[in-house]
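One structure below.
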Amino acid sequence: MTTATLTLKNLGRNRLRSLLTVAGIALPMLAFTLARSFVDGYNRFLQASDNNLRVAVHQKLTFTTWLPQRMREDIETIAPPGYLTAVCRAAWFGGKLEGSQVRFASLGFDRDTFPETYSEWDMTPEEIEAFNRERRGAVVGPALAKKLNWKVGDRVTLTGGVPPFPKAEFLIVAIPAKMDRDMLCFAFDYYNEIVQAATGEPVGVNNFWVKCGSPQARAWALEAIDKQFSNTDHETRTEMESTFIASFMRSGGDWVGLVWTVGRLIVLVAVAVAFNTISQAFRERTRELAVMRALGFSGGYVVRMVLMEGVVLGLIGGAVGVLPLYGLTHVSTIRLPDVPIPVLIAHTTMAMALGAALVCGVLAALAPAVMAGRLRVATALRKVV
Amino acid sequence: MALPFRYNVLSLFARPTSTASSIALIAVVIAAFAYLQAVTDSAFSTMSATGDPTTIIVLNPSAESETVSGLGKDQINKLESAPDAVRRGDRPIISPEMVAISSAYTHESSDMKLNAAVRGVEWESACAVRHDRVRLMRGRAFQPGVEEVVVGAEANRLYVNYEIGDKIQMGTRALQSFTIVGVFTTDGTAADSEIWGDVETLRDVYGRVGYSSARMLAEDEAGAARLIEHIKGPQVELDGKTERAYFRDLNTNQNATQVLSIAMIVIMGIAAAFAVANTMYAAVAGRTREIGMLRAIGFARVNILTAFVLEGMVLSIFGGATGCVLSLVFHGMRKSILPATFTTVSYQLQITPKIIGTSLAVAAAIGLIGSLFPSWRAAKMKVTDALRES
């Protein structure tokens, strides 16, 4: 009989206990992978946004202060040819759907440059054509459309969240499958029209999205645009898209950090569960261990046997907790309610969780193993449990 | 007759290692739970600590927050006739305020600027509508008409170069530098994260025609309700809310964190219940003869059941209490949030009696759920079998 089979047989002796322990390790590991996948998703989202070579230009102090519309032309003129592929105005509408608690971003974008600015969404020529043709046309992210049960062709009325708080009707013309934002995008000129009618003033620009032709062009844009406007009436600050978005998300309380802190605490729970059971199991088997020692098994062998039990419990627990969800997230998309990032368990996360579960088992078995190794055979044999 | 409570407690001490490891386990779960609660609750309490139920904040009816609200001077004048408002002399106290945004690096993250709220006020009336909770800690108040500001205690701590004598850039066009001349506190309200300056000077710099909001004061909560009714009524046609309601309504964008936290806590709680079950199954198995004997001398099944359930719960509550003590390390830790106003509010984590209460209740529930099945097994044992067990 090898140590491995002996371990499995031992675990099979008290099935209920082994089951509870496996579950006790599996659940925290599940929570750990969830937390980690969330942190991963967040970082991946930010990184991916930088692959699109977009920078945001907003007023030096805050994007809530409007910039004049003509700055688009200013930016276009200062760029060397080929550096910028699109400059697109963005104006925050912040619309609310009457009687709905669902919050989403809604902004006006320049018709002509919008499809190129967000070229990674792969809008079809028909969709672009429809967006250009329809005065009140709106492009909506598929996750948002699903949540609100919107289809192409639907009319929706939103009330703006910033002065002059206009009511506006939109016609959904496209729900691009690759659009990964919960956003409603509509035409800047339509927004301008509405604001003009209400206040007599043109609508202000919260930021300009500048799509760059190359990483070099982006490095240029990050420096040159701010330099151009310094000491003017409208000083600017140009940021990478990831910084711009992260300042939204991260200053909203470090929720990513929070989830990750708790995620790591959870591993401690798994260690405690495993320790609890393994120490119990071996306390009950003290005499048995003594008998083994008396029969001539070495102290080292007994220590290895105890550690092995920890390793096997940890690995099974980790596998049960992590693998099903890991597999599931790779065959379909899973979302938690109200969490903008879908759950996707990266291979590294899976490996990390299995590793953590293994370490859990070893740590938990350490104390019982040391105890078993130091066992005084004569005393232990006398012990009544 | 029920088994004495002492029996439950002493039984736990009979197996010290097992008891201690279970306690440690539950302690970790409960400490994490208390921490998450503190994060969400403390943000809430900072926001609604400002939330005096008698301070009324007047907004544009379409606006959800002061940042996007706009009121004209004529609209503010209409408030003069409001009944049930606290008066100074023959006129109600009205504090017209302007809210704008500046930005600054924080000591924690030097790569990203946070939005800092700038509030233009008329010092005397702004203090009056806040029940004179505003107190200068250092320096002096700003002078009207001069480019000077005072900063809240949290802003002073959170942002880089926010000391007396430092300059802050403000405005929309051709930015102006304002000198910090004082540091104030309102004892833990959201205003502590703000920058205050003279309302007329700031309106000029930010190019505002009107104001953002106005604050008024009511005698009591009933008066506040009447005042709000008047503000919303045909004579004024604006929106009025108590500060408490205002901050409660704003604090809504934390759903994602809450969902994730709850998911993790539930998972951890179940794991902890399994661990309790494990411990209690072992306890029941180890004490089979004892149970048989207790039954033989006349204790009913229900007594055995309650005894073991109680034992499990005592164990969990011990663990919960340890967890609460552990969670005190988070007490006083600083965090910041960005509510729907787009301006940063910094706050201190507080482990309140309410959090301790909920945490202990959760611990008790974990104990109850975890010990139910093992106790059931103990209770349904046959006396004769149990006594024969070695």
Side-chain angles (χ1 to χ4, degrees), chain A residues 16-17 20-21 23-25 27-28 30-31 34-35 38 59-62 64-66 94 103 159-165 232-235 237 243 246-248 250-255 258-259 261-263 265-266 268-270 272-273 275-277 279-280 283-284 336-340 385, chain B residues 17-18 21-22 24-25 28-29 31-32 35-36 39 43 60 62-64 67-70 100-103 109 111-115 169-175 252-261 263-264 267-268 270-272 274-275 277-279 281-282 286 335-338 342 344:
Chain A
L16 179 67
R17 171 187 292 158
L20 284 171
T21 315
I25 297 174
L27 284 169
L30 174 67
L34 267 179
F38 176 69
Q59 196 254 3
K60 190 175 179 190
L61 297 181
T62 159
T64 56
T65 296
W66 286 340
R103 304 278 181 120
T159 310
V162 289
F165 312 104
T232 66
D233 265 4
H234 302 284
E235 294 196 58
R237 183 174 167 82
T243 317
S247 66
F248 260 114
R250 217 204 292 171
S251 49
D254 188 12
W255 41 317
L258 172 76
V259 168
T261 307
V262 177
L265 271 180
I266 283 174
L268 282 183
V269 175
V273 170
F275 173 75
N276 199 3
T277 339
S279 56
Q280 236 163 51
R283 201 167 34 255
E284 282 166 25
L336 289 175
D338 284 324
V339 182
V385 183
Chain B
T17 332
S18 164
S21 71
S22 306
L25 165 91
V28 173
V29 174
Y35 172 67
L36 283 172
V39 170
N60 185 303
S62 309
E64 269 194 341
T67 331
V68 295
S69 174
I101 296 179
S102 183
S103 64
S109 68
D111 58 330
M112 199 183 285
K113 281 188 159 184
L114 292 191
N115 288 335
Q169 279 199 315
M170 295 212 260
T172 49
R173 338 181 78 186
L175 306 177
T252 47
N253 61 348
Q254 295 216 311
N255 287 350
T257 329
Q258 270 165 359
V259 168
L260 278 168
S261 318
M264 289 198 292
I267 291 173
M268 279 159 80
I270 297 173
F274 282 162
N278 239 336
T279 312
Y281 270 126
K335 294 249 152 206
S336 58
I337 56 162
L338 183 87
F342 285 125
T344 309

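Here is how names work: the chains are called A, B, and so on, in the same order as the sequence lines, proteins then strands, and each is numbered from 1.
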Checking heavy atoms, do the side chain of A:Thr159, its backbone, both or neither come under 4.5 Å from chain B?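 Nothing of A:Thr159, per the 4.5 Å heavy-atom cut-off to chain B.
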
Out of [options], return the one with the most heavy atom pairs under 4.5 angstrom to chain A.
options	value
B:Gly70, B:Gly286, B:Ser22, B:Ala32	B:Ser22
B:Ala275, B:Ser103, B:Gly171	B:Ser103
B:Ser69, B:Ala100, B:Ala282	B:Ala282
B:Met268, B:Gln169, B:Arg173	B:Arg173

With rounding to the nearest 0.5 Å, note down the distance linking [atom1] in [X] to [atom2] in [Y].
X	Y	atom1	atom2	answer
B:Ile101	A:Thr65	CD1	OG1	7.0 Å
B:Tyr281	A:Leu16	OH	CG	5.0 Å
A:Thr243	B:Lys113	OG1	NZ	13.0 Å
A:Lys60	B:Leu175	NZ	CG	6.0 Å

Any donor and acceptor pair, going by atom type alone, linking the side chain of A:Thr62 with main-chain N or O of B:Ser102 inside 3.5 Å?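 Pair absent, no side-chain N/O of A:Thr62 close to backbone of B:Ser102.
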
Is there a donor-acceptor pair under 3.5 Å between the side chain of A:Gln59 and the backbone N or O of B:Thr172?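 Answer holds: yes.
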
Can you see which heavy atom on [X] is nearest to which on [Y], and at what distance?
X	Y	result
A:Asn276	B:Ser21	OD1-OG, 2.9 Å
A:Leu265	B:Val28	O-CG1, 3.8 Å
B:Ala277	A:Leu20	CB-CD1, 4.0 Å
B:Ile267	A:Pro28	CG2-N, 4.2 Å
B:Asn278	A:Arg17	OD1-CG, 3.2 Å
B:Val68	A:Phe165	O-CZ, 3.2 Å

